[in-house]
Amino acid sequence: MKKITVVTIKQIALNAYMQQIRGFFGEEASILGYAMEDDPLAIQGDIILTTSYFLLQSIKRKLVNDSAEIVHMSGTFSKEQFRQISDLPAGSKVLVVNSTKEIAYDCISQFKQNIETPLSYVAYSEEEDKKILPGEYDYAVTFIENFEQTDAVKRVINLGIRKIHPYIFEHVIDICYSEDEDKAKRLDQYKKEMVPVNYSMIEFSNVAGEWEEILNNIIFLTESGVIVLDDGDHIKGINDYISDLFQISRSQYYGQDIKKIFEFRELFRFVTKLGDNRDADFYLKSVEERVTIRKRIVQFYGYKFFTVIFIEVDREGRRLPEQKMKARFTFDDIRGKSPAISRVIEIARQISYSDNSVLLLGETGTGKELFSNSIHNNSQRASKPFIAVNCAAFPENLLESELFGYEPGTFTGALKNGKKGIFELADGGTVFLDEIGDAPLSIQAKLLRVLQEKEVRKIGGEESVHVDVRIISATNKDLKKMIEQEKFRKDLYYRLNTFTVNIPALRERIDDLELLIQYFLEEGHYGYKKVSPEVLSILKSCPWEGNLRELKNCVDYMAFMSDDLIKAESLPEEYLNFQSDFFIEQEPEEGLTYSDQRIVSFLLETLYYQPIGRERILRTAVEKKIELTEHHLKRILKIMSEKDYICITKGRGGIKLTKKGIEVYKKNRI
């Protein structure tokens, strides 16, 4: 018969767990027990059940049987134990007491999974924490004997030691008693008595520890550079490739915050903007190399354990067809139902059937990459290559060789067989030129030739090569103003601008905000969390200068920092300052979106003090950092006039509030 062994930190816990196991398997079972506080010389057994992941290394050193299986013994609760907690009055302050904070947090996570009554929990360990102030908590829920601070709380509830999770017994039965029907029946009855809980916080910690060990083993086996960060952006591993590339010692920065390390600042800024589980090319100025960066997130049940950054220098012009030459997104990936975004999606769909050039205009983070991918995948070129290049990511000479390629021996360090450029590689497909406003004038001239003649000439070459590509370009800059400043070619602008898609900023489609927040919550495995009306109100008043990218970062932060209901205290601090004075918090009126309603609120307040003209209104909007175009203003003024909120006069009379407009303003300021 195989020996079952229980290993705990303290003797008192060992006695309680041994009693549970003997009660389940009976006196005929061979069960041994060790408390590590007694410092046993050796540990015998075939199946080792331990209560703490942090005992594993100590147990392994003392094992007599090297082939013994070590199992982490998770705890759960009986339905009777949970009933005592669920019966507590809503809103009670509950101190959860255990021998360690780790186990106390684990108990709290299981309470939250199964108890609907809203209670305020605080983890507490008498060995780790300070003395409790009298009256600070309504209840102390303990799992240990001899809780010493009973006078500090109104009532002490001693639940006794936690129960062993059913899957532990199930595992032992499979190994030792697979043909014992009585044990299987006993397990079924035991499951009925227990509360069904998911993985607890300790399980997450265990998985994190296992992943760290795995990652530290594999980073030295990959040919790419690898940097491993924990959820606080502290460095948990660097391989020799990175050490050589950045000229640093591998152990020099272990455990340090990557944001505070000079050598990695440029890389970290780019990786932060990249988004989770994404790939991109980037020119690292700090090492003067063009690199391919792959960012991967290691998660378990929605908890982010590690960020793994893979870096590979393209010294030999290697390309990864599956990653670099394929569009991954379609129109179905663009989230939003507001009139503003729906109209733009429909325009882009129609444009996709054409083969002409497309210019995507929009602020940073509005989704220009999504639209470029979607247009390609909805076009007749969908089965052909799609290659994206960021014109702002490369110095001039490197961008030229990237786009047009070069002949053998053109410059020192060139490949002996030369190199094809992106336009040749994308023949038959689509080239996406992101940040086209940052392309140097010399590159602009060559791009014009591609658009006019459908030909490219490699650097150092004498012959032109015919190419069949569709060009989609994107920018957040005012190209017309750049033309006036002679920073952008007028002829190239009109070649690129056959079709224009103006992608709205998030504040112009603010009625999509709730839908987008829910999408980002689900994407981050936080779909079970809800956002309070107060938080929605605050977020709807934010300017969102970083648009969808900024919103995703905000959602990730507040989801991680909150309980099941996301409240204002879980928001990043800077968002608490965005509740604008001029914003009237109310449902949009008929014919107005949330974005329009914000403009109406601004106009009501502005016009309440004095009648002014459109030019003055636009200047005031700029001063208050409100995005408002002349076209948008005319449309809103027309609606307000139809609703009899304003009177538009000719000449110097300006625009005045009517009696009804004044009443609406005063009503909504109360």
Side-chain angles (χ1 to χ4, degrees), residues 278-283 290-293 314 316-330 348 351-360 368-394 396-407 415 417-440 443-461 463-475 492 495-499 501:
R278 302 290 297 277
D279 306 338
D281 286 343
F282 184 62
Y283 182 75
R290 173 183 173 275
V291 298
T292 297
I293 295 175
D314 187 17
E316 300 177 9
R318 292 188 297 269
R319 297 190 182 277
L320 305 173
E322 288 300 316
Q323 294 175 348
K324 291 179 64 69
M325 301 179 71
K326 187 175 181 180
R328 294 178 296 151
F329 304 110
T330 68
I351 286 173
S352 66
Y353 303 134
S354 167
D355 210 27
N356 291 318
S357 300
V358 180
L359 178 61
L360 304 176
K368 295 188 287 292
E369 183 184 358
L370 273 173
F371 273 89
S372 67
N373 278 242
S374 302
I375 290 170
H376 172 80
N377 277 331
N378 203 52
S379 73
Q380 59 188 0
R381 296 176 180 263
S383 61
K384 300 296 183 179
F386 173 91
I387 304 181
V389 61
N390 189 321
C391 298
F394 302 96
E396 184 174 342
N397 60 338
L398 198 57
L399 178 60
E400 185 177 8
S401 66
E402 181 76 6
L403 292 172
F404 307 109
Y406 55 80
E407 295 289 354
L415 299 177
N417 295 322
K419 175 181 172 182
K420 285 186 176 183
I422 279 176
F423 284 109
E424 281 189 84
L425 291 167
D427 191 33
T430 303
V431 171
F432 174 46
L433 301 174
D434 198 7
E435 307 293 354
I436 188 65
D438 292 289
I443 300 294
Q444 293 178 30
K446 290 199 169 190
L447 288 174
L448 184 63
R449 180 181 178 84
V450 176
L451 286 160
Q452 289 178 331
E453 309 297 336
K454 303 293 184 183
E455 291 180 346
V456 294
R457 182 178 296 171
K458 293 182 180 179
I459 300 173
E463 296 183 1
S464 297
V465 179
H466 178 77
V467 291
D468 172 26
V469 294
R470 182 188 196 179
I471 293 181
I472 300 175
S473 51
T475 186
L492 177 61
R495 285 284 183 178
L496 294 172
N497 194 25
T498 306
F499 290 118
V501 177

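Because the structure is a prediction, the values reported are computed rather than measured.
- Checked by atom type, the side-chain pair Asn378/Ser352 shows a donor-acceptor distance below 3.5 Å.
- Using a distance-only test at 3.5 Å, with no hydrogens or angles considered, a donor-acceptor pair links the side chain of Gln444 to the main chain of Ala439.
- Expressed to the nearest 0.5 Å, how far CD of Gln452 lies from CG of Leu492 amounts to 9.0 Å.
- Phe386 and Phe432 have parallel rings, their planes meeting at less than 30° on a 0 to 90° scale where 60° marks the start of perpendicular.
- Between atom CG of residue Leu360 and atom CD1 of residue Ile436 there is a gap of 11.5 Å, rounded to the nearest 0.5 Å.
- The backbone N or O of Phe329 lies less than 3.5 Å from a partner atom in the side chain of Asn377, making a donor-acceptor pair.
- Here Lys458 contributes atom NZ and Tyr406 contributes atom OH; the two are 10.0 Å apart, rounded to the nearest 0.5 Å.
- No donor-acceptor distance shorter than 3.5 angstrom exists from the side chain of Arg449 to the backbone of Val456, with no hydrogens or angles considered.
- Contact check for Glu400 versus Ile443: side-chain heavy atoms found under the 4.5 Å cut-off.
- With a 6.0 Å radius and a threshold of 12 heavy atoms from other residues, nucleotides or ligands, Lys384 has its NZ atom at or below the threshold.
- Residue Val431 comes nearest to Ala426 through the heavy atom pair CG2-CB, 3.6 Å, listed as atom of the first residue, atom of the second, then distance.
- Side-chain atoms of Val389 and Leu399, non-hydrogen and from C-beta on, do get closer than 4.5 Å to each other.
- Here the CZ atom belonging to Arg328 is positioned 9.5 Å from the CG atom belonging to Leu370, to the nearest 0.5 angstrom.
- No donor-acceptor distance shorter than 3.5 angstrom exists from the side chain of Asn373 to the backbone of Ala327, with no hydrogens or angles considered.
- Side chains of Ile472 and Phe499 form no contact here, defined as non-hydrogen atoms less than 4.5 Å apart.
- When all heavy atoms are compared, the tightest approach of Gly437 to Thr475 is N-OG1, 3.7 Å.
- Of all heavy-atom pairs spanning Ile375 and Ala348, the tightest one is CG1-O, 4.0 Å.
- Ala474 and Lys368 get closest at one heavy-atom pair: CB-CD, 3.8 Å.
- Remark: side-chain polar atoms of Asp427 are not paired, donor with acceptor, to backbone N or O of Val467 under 3.5 angstrom.
- Here the straight-line distance linking atom OG of Ser401 with atom NZ of Lys420 works out to 16.0 Å at 0.5 Å rounding.
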**OP:** Take Phe404 and Val450 through the side chain to side chain contact (heavy atoms under 4.5 Å, CB included) test and state the conclusion after the steps.
**Re:** CA-CA 10 Å; Phe404 307 109; Val450 176; 3.9 Å; yes
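- Ile459 contributes atom CD1, which lies 10.0 Å from atom CD of Glu407 (distance to the nearest 0.5 angstrom).
- At least one side-chain heavy atom of Leu433 sits less than 4.5 Å from a side-chain heavy atom of Leu447.
- Side-chain atoms of Leu425 and Pro385, non-hydrogen and from C-beta on, never get closer than 4.5 Å to each other.
- With a 4.5 Å cut-off on side-chain heavy atoms, Leu448 and Arg495 count as touching.
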**OP:** Given side chain to side chain contact (heavy atoms under 4.5 Å, CB included), test Glu369 with Asp434 step by step and report yes or no.
**Re:** CA-CA 8 Å; Glu369 183 184 358; Asp434 198 7; 5.6 Å; no
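- At a threshold of 4.5 Å between non-hydrogen side-chain atoms, the residues Val358 and Arg470 count as touching.
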